[in-house]
Amino acid sequence: MSFEPKIVGILCNWCSYAGADLAGISRKKYTPNVRVVRVMCSGRVDPTFVLKAFESGADGVLICGCHPGECHYAEGNYKAARRIPLLKKMLSQLGIEDERVRLEWVSASEGDRFASIVDEMTEQIRRLGPFSRNGGGENG
Amino acid sequence: MERRIGVYICHCGSNIAGTVDCEKVTEFARGLDSVVVARDYKYMCSDPGQNLIKDDIKEHGLNRVVVASCSPRMHEPTFRHACQDAGLNQYLFEMANIREHCSWVHEDKGMATEKAKALVNAAVRRVYYHEPLETKEVPVNPNVLVVGGGIAGIQAALEVADSGHQVYLVEKDPSIGGHMAMFDKTFPTLDCAACILTPKMTTIGQHPYIQLMTCSEVEDVSGYVGNFKVKIRKRAKYIDEDKCTGCGQCQELCPISVPSEFDCGLGKRKAIYIPFPYAVPNKAVIDPVKCSHLKGLAEGKDVCRICEKGIEKKGLPGCEADAIDFKQKDEIVEVEVGNIIVATGFQQFDPSVIYQYGYGRYDNVFTGLEFERMSNASGPTNGEVLLADGRKPESIAILHCVGSRDENYHKYCSRVCCMYSLKYSHLLREKVPEAAAYQLYIDMRCAGSGYEEFYERLQEEGVNFVRGRAGEITNIAERPEEEGKLIVICEDTLVRRKRRIPVDMVIMSCALEPRADADQIAKTFSLSRKADGFFLEKHPKLDPVATMTDGVFVVGCCQSPKDIPDTVAQASAAACRALAMISKGKVEIEAAIAVVDEELCAGCKICVDLCPYKAISFDEEKKVSHINEAVCKGCGVCVAACPSGAISGRHFTTEQIMAEIEGVLV
Amino acid sequence: MRYYTYFPGCSSSEGGAKAYGWSAKAVSKALDVELIELDDWNCCGSTPYSSVEELASFCLSARNLAMAEKRGLDLVTPCSSCYVILNRTNSHLKEYPQLKAKVDEAMAAGGLEYHGTVRVRHLLDVFVNDIGYDEINSKVKINLGGLKVAPYYGCQMVRPRPSFDHPEFPQSLDKLVASLGGEPVPFPLKSRCCGGSLIISEEALALELIAKIFDSALSNGAECLITPCPLCQTNLDAYQRRVNQKFKTNFNLPVLFFTQLMGVAFGLSDEDLGLKTCIVPAERVLAKYL
Amino acid sequence: MEKRTRADTFIEEISAIPGGEGIRLCIQCGTCTASCPNADRMDHTPSQLIAMARAGMKEEVLSSNAMWHCLSCYLCTVRCPRGIKQTDLMHALECLAVREGSSSGRTLTPAMYRSFNDFVYSLGSLPEFGFMTWFYMLTNPLRAFRMIPVALSLLRHGRLSIKARRLTPEGTNQLKAILDKAESLGGAS
């Protein structure tokens, strides 16, 4: 039985969550490894959410927001665009592989895109192996 | 206070139950902390389904409710109301999306069920921390802003104004009328566009409840549903509108003539001009880019001004109404409205990028709009269909799907081209009866009342229908009969032969595409755009005129290509939505907003600049930030940014989100 | 000095277009471009192979690409056919994983692997985009003023997308001619097919197409044609007489490689350019520039 | 698992070849035919070929001369409104035809291609003179004689080399090894 990673998806309500809904409405199939948590805007994503996720057993965290310029709240996603890279830097210093945290723009019309991102990331993390609490992946 | 949570798993017929083992999930939910009752049911959104919840709330004294079914974007309101009916605050409810995010996207029953459990668990953990919230109501400003003066904007404006509410109609061009004003006849009834449009246009001009602003554009929108503040730039026309009588004397005098936008460059206008005979307002404007006096002023010279002074030696007086005012400046107007209807329309696809069709290289290849003007009695050729050299064409080819249904340009079908192409054939038959007309089509799409009948009528009129898309248009003759002609090369896919069709004139039925400035417009009114570039409606079927931004509606071709009947229907629909809100008089505003804990606030002011809605102000006395509840939209950017954790986002508190994250990871 | 890995292709090395190879080298030298020939390269397979044995055809290209990859430079070819085939292999290997798997396996049999990192360029692309028209213009010793040239692009340098020029209305050769002082004539058929390799099996067709091309060039006042494709050059030059026989025409249009024309403008010697190999003599129109 | 119709499997066969996958997207607009310099010589137009394939007319499609008349000028490919790689599709059909041994008798192209490939296989490079004569002898000696003027003028201008460029022995073996392996792996699909 191959390793099934647990990935927390934090999606903004207006674009990405709607995009994920569209994937469902159009019956697009993708791996069940991502479990979605809804926030109003990717700008709401507090770096501690990501840490919390890893602490409570996640192998990866996927954050999705509206495309730049399309944020329902004008510019929240720009905030995310600035915060998440900082966070990733910090994580890498903790020995957590870069691929375990991913920030993507998914619009309400991009159901297919959401699905393929999920499949892709799941595959990536399968390769990385499970995230072990004591810093970094087992092979990292 | 003790938490008493009820959990309800929906089968959604087989939509969920087909992939997720609902009984197992229910069983799992029963075992969760603080859950006092868990049930599964065929259709939770049905009345009996909702009654299950209501009864349990009363019987088991539930104080938190979780429903696991479809997307909250679908039925959250339904279940919130159910809770409210049973006397439970609607914010003590949480939804788990086990359809769109689970049963519909996974095939493995086992894994889907596991995921469903996790999502339910997360919802239960989250709802544990939910707090009752009171939604506030604010009054709705009864004024309405309509942006764009095409048929869509005109219709919407009239609907609202006729109900006795103030409308501000903003149009960037000197006259309203939009594309429809350029058309000659309209399909399938063939009534003349002007005849049915001009009455509406004049009404707009005279309507006591409509303030029309032409040569104007919306620069900034602030505020929120029911209470928008709008900044409008009125560009200088260099004409005193109150004085101008529209006599047209000035444009007779003006020595500068330039291609007319209204006639698609086939005709000319002056630097001072009235856009077209039935323009509304029927007043002159000066084109600052072309007017030699205004250009002179820039270099400190005082030239021309013939329109103002007239030509003495010829005894021609200048503007007798003394309406010309070269000193006029742009002005910024601010208005307050409760609802905004965006009707900014489309632009015609520029076929010159399809090199092999030769538009711009061959004189006698025309766009649809050019042909509309040509066949219009008030147009540049007085309604005669003429070749560039003035001859009458003996044969004409009409090309469908130019820029539409084409991976290289626009994938979508522009919906109206088949019909207006048929209309062109009919007009040609009227104006050059002896000429042969060819229609090169891929599929004839005539879905609409009276449309298929119109197609049949044209077949009877003897149009040559060729089922095939033109590959290219060339002027290189290979046979004598091709000399001096344009040769349309295509496959007649019904006889399976390559054909070279020599014609005198080619008309291209060009795609309708999003306006070049659609992106700017989207930003101004915080709209989203679809993959094809048109504005995104709230729901493609059930909410086609509303948008993700409450109080802002989209109608007409800025939302997707459509014909006049559909546009008018949509415009009326949007007006009705706005009026509904106006007649209700008040609107609920989001309770899930951010609040500052003044005890914790360190007064660092980081949040103040972060807020995209300028909802946060700084209280200099108390040295703390303050959030305007009416303006805050609850995006949570400030919450995530506050270094001292003084700001919390109601209904999306860190506590709640953390609990949910923990929850999905069982 | 700019460095590139050079893939001459069969025709421009030992084949019918030797002169193309010579002039390409000479002109490159003048432009400080160093073309380092790929050792032991093999035929790209051209159209015939990809038509009959698809997998083998990709392997043929892949071998060349794999060897070029070791060098880490752009792979430059003067031959439009090689250009399209090598590029096609690149894009197909990216697009079709199952194909890549097979090619990898076959390559392994020859002890090679290809990772898909080689950028395949056409010589013309390098000249006009890496070097640039101004630079080229600065090297002109004999201004070609008054020479009316029809730039014939052929198909496979500009199609399919993506290429470095417009697929139906390319401009690079026109601009090149202008930068040499010459006068590019309007030429509607500039990127239409000359019959390609089918000249051998479907001569009648090819001759027809060639005749049309000459017609279009001549009617727009061309004195000669230039081309970036060995096959086009052979067809238009070597078969011009057959065209005249077949259609009772008397075309007498020299067909040069664009590198030969550049060489003339740069004042390079004839043995560097091999003008003598033109079957329709070019001296007549070039006389005043030689 | 519902039973597949014959049409289905033929389409799948084509779709499996790189470039063939587009066949399902065709809207039969005929742009490819209209753009093809050689459509008039084809027994079926390019778009018709697609329609036939989708109707499962395998024999008719593979014995057609249409794909063998393709000049690989890619005009259809850049113009196709559905982004179908028509030229590649034609090549795919050629390969299938060869694989099924049902290539058209009405054109010499397959023969020409084959002799071309034989040369490349054995030499790793193409001696045009040898190749041309070989081809004409193979197909129609008379045409060879008609070609003598062309050949001679090429020769006279030093443009036909009798001796072929050869790869190094190692290179030749390496190439053979690769091609043999490829052979053993079957088609590109």
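Chain letters run A, B, ... following the sequence lines, proteins first, then strands; residues in each count from 1.
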Colleague: Is there a side-chain contact between B:His106 and A:Tyr30, using heavy atoms and a 4.5 Å cut-off?
Modeller: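 Touching, per the 4.5 Å side-chain cut-off.
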Colleague: Can you say whether A:Lys28 sits under 4.5 Å from chain B via the side chain, the backbone, both, or neither, judging by heavy atoms?
Modeller: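 Backbone only.
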Colleague: How many angstroms lie between atom SG of B:Cys638 and atom CZ of A:Arg44, to the nearest 0.5 angstrom?
Modeller: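 With rounding to 0.5 Å, SG (B:Cys638) is 8.5 Å from CZ (A:Arg44).
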Colleague: Looking at A:Lys29, I'd like to know if its NZ atom is crowded, meaning that more than 12 non-hydrogen atoms belonging to other residues, nucleotides or ligands lie closer than 6.0 Å.
Modeller: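 More than 12 within 6.0 Å, yes.
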Colleague: Between B:Val637 and A:Arg83, which heavy-atom pair has the shortest distance, and what is it?
Modeller: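 Scanning both residues completely, I find the closest heavy atoms to be O-NH2, 3.4 Å.
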Colleague: So, taking the atom named CD1 in B:Ile657 and the one named OG1 in A:Thr48, what distance separates them when rounded to the nearest 0.5 Å?
Modeller: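 With rounding to 0.5 Å, CD1 (B:Ile657) is 9.0 Å from OG1 (A:Thr48).
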Colleague: For the atom pair CE (B:Met658) and OG (A:Ser56), what is the distance rounded to the nearest 0.5 Å?
Modeller: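 So the gap between those two atoms works out to 8.5 Å.
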Colleague: Would you say the side chain of B:Val664 lies within less than 4.5 Å of the side chain of A:Val37, judging by non-hydrogen atoms?
Modeller: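 With C-beta onward as the side chain, the pair touches.
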Colleague: Counting only non-hydrogen atoms closer than 4.5 Å, does B:Ala641 touch chain A with its backbone (N, CA, C, O), its side chain (CB onward), both, or neither?
Modeller: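 It is both, since atoms from each part get that close.
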Colleague: If you count heavy-atom pairs within less than 4.5 Å of chain A, which of B:Arg99, B:Met74, B:Glu662 leads?
Modeller: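 Most pairs with chain A among the choices: B:Glu662.
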Colleague: Closest approach of A:Ala53 and B:Ile661, non-hydrogen atoms and distance?
Modeller: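 Heavy atoms only, the tightest pair is CA-CG2, 3.7 Å.
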Colleague: State the NZ-CZ distance between B:Lys115 and A:Arg35, to the nearest 0.5 angstrom.
Modeller: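 Reported to 0.5 Å precision, the distance equals 7.0 Å.
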Colleague: Taking side chain to side chain contact (heavy atoms under 4.5 Å, CB included) as the definition, give me every residue that meets it alongside A:Asn13, ordered by chain and number, with sequence neighbours left out.
Modeller: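 Per chain and number, A:Asn13 pairs via side chain to side chain contact (heavy atoms under 4.5 Å, CB included) with A:Arg38, A:Met40, B:Arg73.
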Colleague: Say you draw a straight line from OG of B:Ser71 to CG of A:Leu22; how long is it, rounded to the nearest 0.5 Å?
Modeller: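 Answer rounded to 0.5 Å: 11.0 Å.
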Colleague: Check whether A:Val61 gets within reach of chain B through its side chain, its backbone, both or neither, counting any heavy atom under 4.5 Å.
Modeller: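 No part of it gets close to chain B.
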Colleague: Can you sort out the partners of B:Asp550 under side chain to side chain contact (heavy atoms under 4.5 Å, CB included), two or more places apart, ordered by chain and number?
Modeller: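 Expected list: B:Val225, B:Lys538.
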Colleague: Which bit of A:Val39 is near chain B, if near means a heavy-atom gap under 4.5 Å: side chain, backbone, both or neither?
Modeller: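 For A:Val39, the contact with chain B is made by backbone and side chain together.
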Colleague: Output the distance between atom NZ (B:Lys530) and atom OG (A:Ser109), rounded to the nearest 0.5 Å.
Modeller: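 Answer rounded to 0.5 Å: 9.5 Å.
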Colleague: Go through the atoms of B:Leu665 and report whether side chain, backbone, both or neither lie under 4.5 Å from a heavy atom of chain A.
Modeller: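 For B:Leu665, the contact with chain A is made by backbone and side chain together.
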Colleague: Where on B:Asp532 is there a heavy atom nearer than 4.5 Å to chain A: the side chain, the backbone, both, or neither?
Modeller: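 B:Asp532 has no heavy atom closer than 4.5 Å to chain A.
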Colleague: Which heavy atom in A:Gly43 sits nearest to a heavy atom in B:Ala640, and how many Å separate them?
Modeller: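 Shortest heavy-atom separation between A:Gly43 and B:Ala640 comes out as O-CB, 3.4 Å.
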Colleague: Using non-hydrogen atoms and a limit below 4.5 Å, what part of residues 647-654 of chain B faces chain A?
Modeller: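 Near chain A, by residue number: B:Phe652, B:Thr653, B:Thr654.
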Colleague: Quick check on B:Ala112 against chain A: is it the side chain, the backbone, both or neither that has a heavy atom closer than 4.5 Å?
Modeller: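 No part of B:Ala112 comes within 4.5 Å of chain A.
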Colleague: Is the A:Tyr17 ring parallel, tilted or perpendicular to the B:His101 ring (thresholds 30°, 60°)?
Modeller: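 Ring orientation, 0 to 90° scale: tilted.
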Colleague: Is it the case that more than 12 heavy atoms not belonging to B:Lys109 sit under 6.0 Å from its NZ atom?
Modeller: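 Count over threshold, so yes.
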Colleague: Side chain, backbone, both or neither: which part of A:Val118 has an atom under 4.5 Å from a heavy atom of chain B?
Modeller: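 Interface part for A:Val118: neither.
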Colleague: Which one of A:Gly9, A:Ala18, A:Ala115 has the most heavy-atom pairs closer than 4.5 Å to chain B?
Modeller: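 Looking at each of A:Gly9, A:Ala18, A:Ala115 in turn, A:Ala18 comes out on top.
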Colleague: In terms of heavy-atom pairs under 4.5 Å, which option from B:Pro72, B:Cys70, B:Gly634, B:Ala118 contacts chain A the most?
Modeller: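 Looking at each option in turn, the highest pair count goes to B:Pro72.
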Colleague: Under the side chain to side chain contact (heavy atoms under 4.5 Å, CB included) test, which residues partner B:Asp220, sequence neighbours left out?
Modeller: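 Expected list: B:Ser222, B:Lys231.
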Colleague: Does the side chain of B:Met111 come within less than 4.5 Å of A:Thr31's, by heavy atoms?
Modeller: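 A:Thr31 does not reach B:Met111 side chain to side chain.
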